[in-house]
Every structure is written in C-alpha cells, then in structure tokens.
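Have a look at the structure below before the remarks.
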Amino acid sequence: MLFVIGRNNDREGVQGSIIILSFKEIRLSLEYELLTQRYHRIREIEALGFKSYGQRFDFTHTLAQIVEQYGDKTAEQLEPRVEVKVCGRIQTIRRMGKAGFAHLLQGGEKLQIYVRKDAVDEKSYALYQLLDIGDIVGASGYLFRTRTGELSVHVEQLTFLAKTLLSMPEKWHGLEDVETRYRQRYLDLIANPEVRKTFYKRAKIISSFRRQLEDRGFVEVETPMMQPIFGGAAAKPFVTHHNTLDIDLYLRIAPELYLKRLVVGGLDRVYEINRNFRNEGISTKHNPEFTMLEFYQAYTDYRGLMDLSEELLRQTAIDVNGTTEFEFDGRKYDFARLRRFTMREAIVEFWRAGDKPTLDQLMDPEWLSRHSSKATAGEALVDLFERVAEPHLLDPTIVYEFPVEVSPLAKNNPDDPRFADRFEILVAGMEIGNAYTELNDPQEQRRRFEIQLAMRERGNEEAHQMDEDYIRALCYGMPPTAGEGIGIDRLTMLLTGSKSIRDVILFPLLRPEGEIGLLKQLRSLE
RNA sequence: GGGCCGGUAGCUCAGGUGGUAGAGCAUUUGACUUUUAAUCAAAGGGUCGCGGGUUCGAGUCCCGCCCGGCUCACCA
C-alpha cells in the first residue's frame, strides 16, 4: 500500500514524519483514514475476483424466513443438512485466528454466519478477512447450531455484494443523535430496529384504511396538489410558480373542495390519502407537509361518520397492534370506543374555576364575551373549550356541535343554526380527526365565502379564498354528504408510541445541513 | 418568533472553581478453528459547532452566529 499517513507537526517546525498525502486541504481525520482504507480494500476485493459492487444474488431464504422456519429446530432436526443462500449487511464480526463469526442483518432480522478456513474456499476466506462492518455479502452453506445454541449458517462460500466506505454507528447504543437520525434516516433504519417497526406500522395503518374504505365501497382518487386557489382549511399555503403558464400555484392545504366536486360528479364514496402542505410552525405535532386521509360519503351526515370513525379507528388499531389498546406517553388508551361530548358539555364537565356555567350561558354572547377576548360568540366558545376542556380530553373523544363561525364549509344544525354539524376526534391532547356534514347549499356557501373574504381583507391570512368554480359545482347539486379528515401522522404517533411527529415521518423537514465534506475526499481518492 | 437545554474521536459519552483533551465501541498490528457487547497485547485517531472577546493561558468565562432537541405561541 502506497499510503502511509503521517502527521505534520508543523507547530514544532518539524516536517511530517513519513509522507504527506499528495493532495491538499484534506483533513487527515480518522474518518478520512477509514474512508481511504476501505476504498483501497475495494481493489483488494476485486483482485480476489469479486465485483466491487456485486451483482444479482439469488438467495434461497430471507433471514426472516430462516428464523421463522428453523428458529425452533434442534441440531438434530437440522439433519440432513439444510442448504441455504442468504444475504445481508454485516452487523458484527468476531474473527478468531482461522475462523470467525459475523451477524448479517436483512429485513430487520439477523442471522449469524460461521466462516472457518478449512470449510470455505480460499477466495471466500480471503474475502472474509477483508470485510468491514456494514459491507453487504451473500453466504451459502448449511444451517447448524453453535455450541451456545445459536442458529447459524456454516458457510461454504462467501460472495461480495457491496462495500461500505463509511463507518456504521456503534453496535451497542445504535445511533442516538437525533439530528443525524432525521438527516440520515438510512443510518437510523440500519442501527435502530424499532424505527423500522414504526414505519412498517405506518404503512399498515394506511393499508388498513384503504382496505376498510374499499370494503365499504369508497374509491381512491388523487386531486391536485398544486392549486390556483387554495382552500378546505384555515392555513397559510406554500406558493410556487409554473413557468409556461406563468401563474402562481399554491401547494394544497387540503383536498376538500376537489373531493366534494367529485361527489357532485357522482363519486358517492370517495377518499384520498395524500400530503397537505401548510406554511406554519414546526413542532412535535406539526410538520409542514403531513399526510391526511380525507373521505366523503354521500347520503349520510356527521352522526353517520361518528359511527364510521369509531369502526375505522378500532379496526386500524387491531390491524396494526392486534388490539384496540395502546400506550402513549406512559398512559394507557383504548380505541374500543370513543366518548362523545358536545363542546358545551365538555366545558361544563371540566370547568374548574368556581361555579360551573350552564349550557345556556355557553350560548349567550354576553356571557361569552366576559370570559373570552375573542370577537364572536362562536370563537369565544372555542377559545373556552381549548382552555378549559381540551387539556383534559386524553381518552379518545368525539367533540361535536361546533360554532358555525369556525366552520365555513360545514352545514348548520337544522335545530340551531348557530352551530354546525361538525365534530373533532381528540386523543392524548391531539386533534386527529375533523368531520362534518358538508354544506351543499350554494347560496349559503357563497355567503360563507364572502364572510371569509372580509376576514381576509382584515388581515387574516388563513381565511378562505373565494372559489367560484366550487360554488358553481354546488349549483349543480351535491347530495347530502358528510366528510372527514384523519391525520395519518398523528394517528401513527399514537399507535406507535412516538412522541414526536418527526419519528413517524421518514424525512421530516430540517434546515439544510451545509457542506458535508465528503465530495472532496472522494475526489481525492480517484 | 420567545424561553430552556445541547453540539468534544466514525459512534456512545466523560471532562468541579480556566492550565494545551479522556474512556468504551469502531480502526490498525499481533495471538486465537463454536464466538456472540468474543478475549488478550500494542498502536493510531480530535480546527472540543463557527467567529470574535477577556486572559500569560479558553473545551471550560463573555458576546454574536450556525445546527438540533424540548417547550410556549399558531395550527391538524
């Protein structure tokens, strides 16, 4: 090897002892030393006749299949020999003289392999000696049990499949640095098995909803993510630009108005699972892009959706965890049933500051204005609810009877037009669902939009825009319909016990990292 | 955006009141043909997030900035 890495003790005026690498401005860091070492090892592996970045490898079993099929077999039961070909990433190596062990990791499962000099061909043994933790290899041989009883592959031939140039996180603690875990999720997935489980559960939640909705006759659609007019929620949008059309477009804050157009068009049961984008703060419960399930069912109302929500959540929990129970932040929860409160009942129930108000007082604009600084009675009621009741609503709860002022797309309650036929699903202090009987009267919808427009002119950036085509669609007649949105990320948090939304989003939004410094090193090696 | 906490070797972490940086894993060399946090012996590896300041001297104290976490505000 031509590279000897010496230190340049120029502080003492002494030239680097042996040889200074011939390129400049490369830190002689350990990281670089390891990179160089591994990079040159690739050539040695090639010299043995292996392809440095491997090729197709036809394994006979995944590691999970081996554990599943042979995990409980005794040494005797592994006779006659069970020949297998497996592959995976090297997690640990224990070399001892003329033999050694390694653990392979694949698909979240690991399996030990045993390589002894007199059991493999020369090439395989030479390869074994050159392997680094993190390399990806294939191994063929037969299953056996070691002296300590661990199911292992007695290797007869090793194959090289891919090289790692960078060091893997430590085997014992894994990767703990939260920033690195989010930025380099691939490393997080390799080093921390529970992360993999979380994202598999997330996938299961989504497939469970799909199956359940499709069993009920819902059809999945995709509506625009880039919209000339944004709507369907109260939120600030991201803006982008289309060059050829020369128009600004908004990344959608909700698919709602498009989905209801489809209901007008006769898609009576329709749903979409996709991203929404809201240009707002980031927190443990908020990521600027997040995934929402929205579904619309014609000829039902919000009460119908209460029942449906209960069924959906209960079954999703069972599909994911095998039970309706789950634990979040050290507390037990159960999706077996959802409590139901009107907003006013919840305020009365959890009122702690002296005499409880009456339900009538909670509808009295004067009384409300004395207890909240909000402009309208409806906003004041919501304000009180959020302060008085919401913090106590931990168990899964449906809160209904929302003021119409805060529900511009929901239908008024026929008995009391001050309220909208709307509910939210609250769990562990998080809003995970929002549903209502859809407003399908175009004249009333026009008035509501105009109120929103006035709010917008007063500086409320989150107020709705006018959407005349949506009004036009309603003018063709939308059947009585109820719609609901369920936050997939938050539901995933609950069902996986993740306290931060970033733990259920593979690549949460972070500030850019800046120069990594790897390119320079790779160039210098060429 | 405010408050609090953090950034030290590739990874996980130590570094009272300022005195020029340590451990374990990983890496390199040697020993070892059933180990498993393998073991034993030795070695190498650090712009202590970045930039200023105070000081004879700063990982440590002060100021500014960058990145992240928690939290409050806003939202789902």
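Side chains included, hydrogens not; waters and symmetry mates left out as well; all remaining heavy atoms used.
By the salt bridge (charged side-chain N to carboxylate O under 4.0 Å, His left out) test, E179(A) pairs with R183(A), sequence neighbours left out. In terms of the side-chain contact (heavy atoms from CB on, under 4.5 Å) criterion, residue partners of A99(A) (sequence neighbours excluded) are, by chain and number, Y114(A), R116(A). Applying the side-chain contact (heavy atoms from CB on, under 4.5 Å) test to P255(A) and every residue at least two apart in sequence or in another chain returns T223(A), R252(A), L259(A), E272(A), N276(A), E294(A). Applying the side-chain contact (heavy atoms from CB on, under 4.5 Å) rule to I206(A) yields the partners R202(A), R210(A), I273(A), I488(A); only residues at least two apart in sequence or on another chain are considered.
For the C1' atom pair drawn from U47(B) and U20(B), the interatomic distance equals 14 Å after rounding to whole Å. For the C1' atoms, the distance from C61(B) to C74(B) is 38 Å, rounded to whole Å. Nucleotides G53(B) and A58(B) place their P atoms 11 Å apart, quoted to the nearest Å. Separating the C1' atom of G22(B) from that of U8(B) is a span of 10 Å, rounded to the nearest Å. Taking the C1' atom of each, C56(B) and G18(B) are spaced 12 Å apart, rounded to whole Å. Between G1(B) and A26(B), the distance separating the two P atoms is 42 Å to the nearest Å. Separation of the C1' atoms belonging to U71(B) and U17(B) is 32 Å when rounded to the nearest angstrom. Nucleotides G44(B) and G10(B), compared at atom C1', are 14 Å apart to the nearest Å.
Comparing P169(A) and R145(A) along RNA chain B, the residue whose closest nucleotide (by nearest heavy atom) sits nearer the 5' end is P169(A). Ranked by how close their nearest RNA chain B nucleotide is to the 5' end, T92(A) and F144(A) are led by F144(A).
For residues 274-283 of chain A, the pairs satisfying salt bridge (charged side-chain N to carboxylate O under 4.0 Å, His left out) are R275(A)-E289(A), with sequence neighbours left out. Contacts classified as ring pair (Phe, Tyr, Trp, His ring centres under 6.0 Å) and involving residues 497-521 of chain A (residues at least two apart or in different chains) are not found. Applying the salt bridge (charged side-chain N to carboxylate O under 4.0 Å, His left out) definition to pairs two or more places apart or across chains, none involves residues 87-104 of chain A.
Residue contacts shown for G174(A) are limited to sugar-phosphate atoms, with no base heavy atom under 4.0 Å away. Nucleic acid contact for L175(A): sugar-phosphate only, since backbone atoms but no base atoms lie under 4.0 Å from a heavy atom of the residue. Looking at heavy-atom distances under 4.0 Å, N287(A) makes contact with a base. Nucleic acid contact for T146(A): base, since at least one base atom lies under 4.0 Å from a heavy atom of the residue. Among the heavy atoms of the strands, none lies under 4.0 Å from A191(A).
For A99(A), counting side-chain heavy atoms from C-beta on, the closest listed nucleotide (U33(B), U35(B), U12(B)) is U33(B).
When each of D132(A), L105(A), I136(A), V137(A) is checked for a side chain to side chain contact (heavy atoms under 4.5 Å, CB included) with I90(A), only V137(A) meets the rule.
Going from atom CD of Q184(A) over to atom P of G10(B) covers 13 Å, rounded to whole Å. E170(A) places its CD atom 4 Å from the C1' atom of C25(B), with the value rounded to the nearest Å. A23(B) atom P lies 17 Å from atom NE2 of H173(A), rounded to whole Å. Atom CE in M168(A) sits roughly 20 Å away from atom P in C25(B) (whole-Å rounding). Taking atom CG of residue L143(A) and atom C1' of nucleotide U34(B), one finds them 15 Å apart after rounding to whole Å. In this entry the distance linking CD1 of I90(A) with P of A38(B) reads 14 Å, nearest Å. Regarding R94(A), its CZ atom lies at a distance of 15 Å from the C1' atom of A26(B), rounded to whole Å. Between I516(A) atom CD1 and G10(B) atom P there is a gap of 15 Å when expressed in whole angstrom units.
The pair R422(A)-E484(A) does not meet the salt-bridge criterion, since no charged nitrogen lies less than 4.0 angstrom from a carboxylate oxygen. Salt-bridge annotation for D395(A) and R331(A): present, with a side-chain N of the basic residue lying under 4.0 Å from a carboxylate O of the acidic one. Using a cutoff of 4.0 Å between basic side-chain nitrogens and carboxylate oxygens, K411(A) and D421(A) are not scored as salt-bridged. With respect to E513(A) and R511(A), no salt bridge is recorded, no charged nitrogen being found less than 4.0 Å from a carboxylate O. Using a 4.0 Å cut-off between charged nitrogen and carboxylate oxygen, K285(A) and D489(A) do not count as a salt-bridge pair.
Side-chain to base pairing of R147(A) with U34(B): no donor and acceptor N or O lie closer than 3.5 Å to each other.
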Dot-bracket pairing map - RNA chain B, Watson-Crick plus G-U, both contacts under 3.5 Å, | cross-strand | (((((((..((((.....[..)))).(((((.......))))).....(((((..]....))))))))))))....
Would you tabulate the pairs of protein nitrogen or oxygen atoms and nucleotide nitrogen or oxygen atoms of nucleotides 66-72 of chain B closer than 3.5 angstrom?
residue, atom, partner, partner atom, Å
C67(B), OP1, R511(A), NE, 3.1
C67(B), O3', R183(A), NH2, 3.0
C67(B), O2', E179(A), OE1, 3.1
C67(B), O2', E179(A), OE2, 2.2
C67(B), O2', R183(A), NH2, 3.4
G68(B), OP1, R511(A), N, 2.6
G68(B), O4', E179(A), OE1, 3.0
G69(B), OP1, R502(A), NE, 3.3
G69(B), OP1, R502(A), NH1, 3.4
C70(B), OP2, R502(A), NH1, 2.7
U71(B), OP2, T284(A), OG1, 3.2

Shorter than 3.5 Å, N or O on both sides, protein versus nucleotides 27-29 of chain B: list them out with atom names.
residue, atom, partner, partner atom, Å
U27(B), O3', Q37(A), OE1, 2.9
U27(B), O2', Q37(A), OE1, 3.1
U27(B), O2', Q37(A), NE2, 3.0
U28(B), OP1, R41(A), NH1, 3.1
U28(B), OP1, R41(A), NH2, 2.4

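Within 6.0 Å of CE in M226(A) there are 12 or fewer heavy atoms belonging to other residues, nucleotides or ligands.
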Decide yes or no on side-chain contact (heavy atoms from CB on, under 4.5 Å) for V399(A) and T342(A), but give the supporting numbers first.
-> CA-CA 5 Å; V399(A) 174; T342(A) 67; over 6 Å; no
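Scanning residues 110-120 of chain A for heavy-atom distances under 4.0 Å to RNA chain B yields Q112(A), Y114(A), R116(A), D118(A).
Residue K171(A) places none of its side-chain N or O atoms closer than 4.0 Å to OP1 or OP2 of C11(B).
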Kindly list each side-chain donor-acceptor pair under 3.5 angstrom involving residues 385-393 of chain A, sequence neighbours excluded, with atom names and distances?
residue, atom, partner, partner atom, Å
R387(A), NH2, H371(A), O, 2.9

